[in-house]
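Structure first, then comments.
Positions are given from 1 along the sequence.
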Amino acid sequence: MSILDLAHTRNIGVIAHIDAGKTTTSERILFYTGKEHDIGEVHEGAATMDWMEQERERGITITSAATTCNWTDPLTGEKYTINLIDTPGHVDFTAEVERSLRVLDGAVTVFDGKEGVEAQSETVWRQANKYKVPRICFINKMDKIGANFKKAVDSMIRRLNTNPCPVQLPWGQETEFKGVIDLVEMKAITFEGDHGLQRVTHEIPSDYKEDAELARQEMIEKLADVDEEIGMLLLEERLGDVTQEMIRRGLRKGCNDFKLIPVYCGSALRDKGVQEVLNGVLWYLPSPLDIPPVDAFDPDSDEPQDKQTPRKLGADTNGALACLAFKTMSEQHGDLTYLRIYSGILKSGAAVYNPRSRKRERINRLLRMHSIKRENIEEAGAGDIVAVLGLNATVTGDTLCSEDDKLALGAITFPATVIAMSIEPKTNADREKLANALNRMAKDDPTFKIKLDPETQQTVISGMGELHLDIIRDRILREFKVDAAVGQPRVAYRETVLINGTIETEGLHKKQTGGAGSYGHVKVRWSSLPEEERDKIMVEDEVVGGAIPRQFIKSALDGIQEACRTGGLAGYPLQGIKAELYDGSYHDVDSKDFAYKDASRLAYRELLERAGTEILEPMMKVEVRTPHEFQGSVIGDLNSRRARIESSEKDEDITIITAIAPLSEMFGYVQAVRGLSQGRANYSMEPYRYEICPPHIREKIMAERGGAKAGARR
């Protein structure tokens, strides 16, 4: 790619709460850009971007899908390349959103015109904030009964703490929705002909004129805070001198500086407004040249990445090769790996290096993806998103670079699993097939974990929710042809140590049997992490003065991490703890890596014996939307499930109840909430954080773990 091509490239994702119309919007984008000649409707199971059987049957997006299309700027006639990723809206598949936002430069956030900001809208918004992804918004379904543009915009201010800047107003609402009123052009626009392909401009109707002028003035006042020229004209009361070009320039600057969010409206299903959103993608979202340089680290350094001075890599085809593998898909003839190229040029047939696995890989086939379809290409450059077939040693989060110029990009982090269940093949003949299926899916999905329960010798799989594991089970049967029996879903409990201040422990591994001996000695300082960070383990190197040689530090730190995973006194993994390796000693001859690992394990066991542990349970943030008359019943039921009611907010004909509830009490809640509301309420739920179990719940859990462990408490 040339620099000119980079300036005309947009890497965007479409993100939203489930059922906001995200995939329908993506399908319209494919149609209007000419990528697809027919529109695939989600409700008909024909959406191009939802290619899995389970997606088409359930009408939801499960896995992110990538495609490349082109759109021409109506102002300049220049053609732009858009790499588009359609992401899931359901929180159980949050990993797909997480890894997509990690590699995207901009996003289109879709909201339901009636519901406004919903629970998972907040989740994807936080994820976009985490990766500093500029956004424009599309308030969809303006033709829906109850749609209210102003209410939806206000919900963005209230629930997302952001600064929405409408660039359009709806022309009519609900069944009277006709088109949009553009506040930049100050024209009314309708979309006519087959699928709204014909954009027709009109004078703004007289009954909308005053509202449009007021909204335009509010838009310009917001732009005055980000654009000095507009600010001066506003001070001089020369609003009539503010040009369309100035407004678009201010909107672009405000969007990319995270000071405002351009807001569009329309109805994707009724073919109204999506072309305007495409224009907004070109005008306001950044190109690869506009985003800050990515940080690259030395993979061979003894220093962890957070202590290195990073190397800055811009989008330069002449720079060092730097690609991030953000998604893998296991296939019959080899793994498909999706890559974002941050720097350099990647060529088909070239050799690349994976610094994590320390292996050389060959780019056998370089592909341009269109959902599940693919096109062979010879090369791709900085700023592009492509796929490679046949990489064997590369997983999600890995860097691919040149062996002559090794570097590592920052990894992608994923939330911890919260739900588990046992799974066993129904026949011994299927045992190997099941293991293969599980391992392939775990490689593709970083939030799907497999382990062997040491007590029952059962295989236990864990994930982000009931739907997540249900899809896994369905795929095992359909794709891998393995009939498996599954247990009831179980909560993924954890343990923590409550420490007032710090506790110091030490571990000494010392063996001398006449021949070569082994020696490792560590001192560890432990402290509790804040309540909101109880899903983490922090392990830090604070050794000074060479008390432990550098070559053994990593083994000692790894030993702490491994010990915490093996479980606390009740057998659950430990988290919410910070461990600082601050001292130790060594033997000139006998010191060995495994000895330091064992010494760390001994220091960990001393901590448990001295401090004891508390059991943590995963808490969920629950949002229930119910007609007013069922509010009391819904709240009463939530209280019976040990929920804390955080808020209860009336919104026209419904009440929005927000609560924090333990996952263990929420299994099968969909049937309960429907029964309480005559089928008229709905809810969404997402992981919140881990909290300490009440004493009576702890006793119950300990009893289930076995009488021998029931007395293990502080």
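- In this structure a side-chain-to-backbone donor-acceptor pair under 3.5 Å is present from N140 to A20.
- The closest donor-acceptor contact from the side chain of E424 to the backbone of A485 lies at 3.5 Å or more, if one exists at all.
- Other residues, nucleotides and ligands contribute more than 12 heavy atoms inside 6.0 Å of the NZ atom of K650.
- Two residues are said to be in side-chain contact when any heavy atoms from C-beta on lie closer than 4.5 Å; Y32 and D271 meet this criterion.
- The shortest distance between side-chain heavy atoms of R689 and E531 falls below 4.5 Å.
- Of the possible polar contacts, one joining the Q173 side chain to the A147 backbone as a donor-acceptor pair under 3.5 Å is found.
- Remark: side-chain polar atoms of N439 are paired, donor with acceptor, to backbone N or O of A435 under 3.5 angstrom.
- There is a side-chain donor-acceptor pair under 3.5 Å between T23 and D86.
- Note: Y669 and Y683 have perpendicular aromatic rings, judged against thresholds of 30 and 60 degrees for the angle between ring planes.
- Looking only at side-chain heavy atoms (C-beta outward), R270 and K141 stay at 4.5 Å or farther from each other.
- Put simply, the side chain of S155 does not reach to within 4.5 Å of the side chain of F111, judged on heavy atoms.
- Listed by chain and number, the residues in a side-chain hydrogen bond (donor to acceptor under 3.5 Å, both in side chains) with T496 amount to none (sequence neighbours excluded).
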Kindly indicate, with the supporting measurements, whether the criterion side-chain hydrogen bond (donor to acceptor under 3.5 Å, both in side chains) is fulfilled by S648 and Q631.
CA-CA 9 Å; S648 179; Q631 174 186 349; 3.0 Å; yes
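- Judged by distance alone, the side chain of E623 and the main-chain N or O of T658 form no donor-acceptor pair under 3.5 Å.
- Shown here is K130, whose NZ atom has more than 12 heavy atoms of other residues, nucleotides or ligands within 6.0 Å.
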